[in-house]
Student: 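Submitted below is the structure of interest, expressed as structure tokens.
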Amino acid sequence: MQPTANLRRRSFVTVSPQSHFPLENLPYGVCRRREGKICIAVALGDYIVDVTALETLGMLDIPSAIGRRFFQGETLNDFMAQGQTVRRDMRAHLQQLLDADEPALRDNAELLAQVLVPMNDVEMLLPADIGDYTDFYSSREHATNVGTMFRGADKALQPNWLHLPVAYHGRASSIIGSGTGVRRPLGQSNPDNGATPIYGPSRSLDFELEMAAFVGTGNALGQPIPIAKAEEHLFGMALLNDWSARDIQAWEYVPLGPFLGKNFATSISPWVVTMEALESFRVAAPPQDPLPLPYLNAPNRTTYDIQLEVYVQGVNMNAPARVCASNFRYLYWALAQQVAHHAANGCNLRPGDLLASGTISGPTPESYGSMLELSWRGSRPVKVGDETRTFLLDGDRVTMTAWCQGDGYRVGFGSVEATILPALLED
Ligand code: CA
């Protein structure tokens, strides 16, 4: 039987005396508390619950991992490595501990003061030590738009695109948390396709609306992951902004692909929503034609209904203006196919690795997930509040949000945001 809205579990933590925060989401993050201590936490409405402290106090024993600890470090990697069973047990345990009818924590004021902290009182850190970062290119709409701009409509999709989830290896060292400013990169470009390129600040700085999945349990080197088992290797998801300097990218990408046009910064949201919290929002994935090869083909392919928005606020604007509304479900290649393809040659994925989806563009112009597409390579200025943009200006703040809409509640991803800082120029 499917749980209905009125049977959803509610927490003793309240918005108002009558309104309890639901226990559906419980995303994991890493934060620095006021006194400087770093802890792993779950988010509950406007609060964080310090699970490191709960574990230290011996309150997190679960059947699949009695006596074992995985929240004592400063990243989620240890917990990510535990896999699906431990994660599910921990979810059930935390839902029980935080339930409105459960007195153990609710009625222990001294304990509560130690573990329940207003979110505004903590600083969010990167959730994981990300060893490797891969960026896919899984939106057919995005790949078609970009291909049309650069090669023309008849050659928009490359011959491989419908047969495999195209990707490249990104750079993990420049993955930054929400709120960290992004410096306009310097680089080489050839804007007029002339005999010699130029070097200077990028003139076409862009965002890419993406989501990213964190790897939970990995695979041994040389050992592929079958598609039927692929989702078991995922821990959870976050929002990702794959900053892109289009002029640098356009000049450098032949023949090996993205490099300095991409690796100056990648922003991720601080809270990781687990795959279990997304389960109620599973939907059919877009049909695939032609059918992919058997190692990528799963019957009843599914994805998730996750609503996405991008806002831009310039320095002279009073409020952020929405520039894009899209949905994760538009993606042609599903998460399981990305994982199975990534490991098909025996490449080993490790706990904490990050797999980005690629820009998530939808079928309509307002659902395009980058300024490149929204402004059609700079040819159609985009209305942003009372202003217009082709690409991003210094001082622009870009905010991405995501949520799953349930019956009377949401499973939210929070946001990822950053402000563009001017290029560092020599005097
Ligand atoms: Ca990308």
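If you read the sequence from its start, that first residue is 1, and numbering goes on from there. Start at 1 and go down the list; that is how both ligands and their atoms are numbered.
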Student: Tell me whether the centres of the aromatic rings in W161 and Y332 are closer together than 6.0 Å.
Tutor: yes
Student: Rounded to the nearest 0.5 Å, how far does CZ of R183 lie from CZ of F264?
Tutor: 12.5 Å
Student: Would a line drawn from the ring center of H169 to the ring center of H342 be shorter than 6.0 Å?
Tutor: yes
Student: ring-ring contact (aromatic ring centres under 6.0 Å, His included) for F79 and F71? Distances and angles first, verdict last.
Tutor: CA-CA 7 Å; F79 185 52; F71 294 129; 4.7 Å; yes
Student: Determine, for E74 against K37, whether the closest basic-nitrogen to carboxylate-oxygen distance falls under 4.0 angstrom.
Tutor: no
Student: Quick one: OG1 on T52 to CZ on F70, what's the gap to the nearest 0.5 Å?
Tutor: 11.5 Å
Student: Under 3.0 Å from the Ca ion (ligand 1), which protein N/O/S atoms are there?
Tutor: D135 OD2, E208 OE1, E210 OE2, D242 OD2
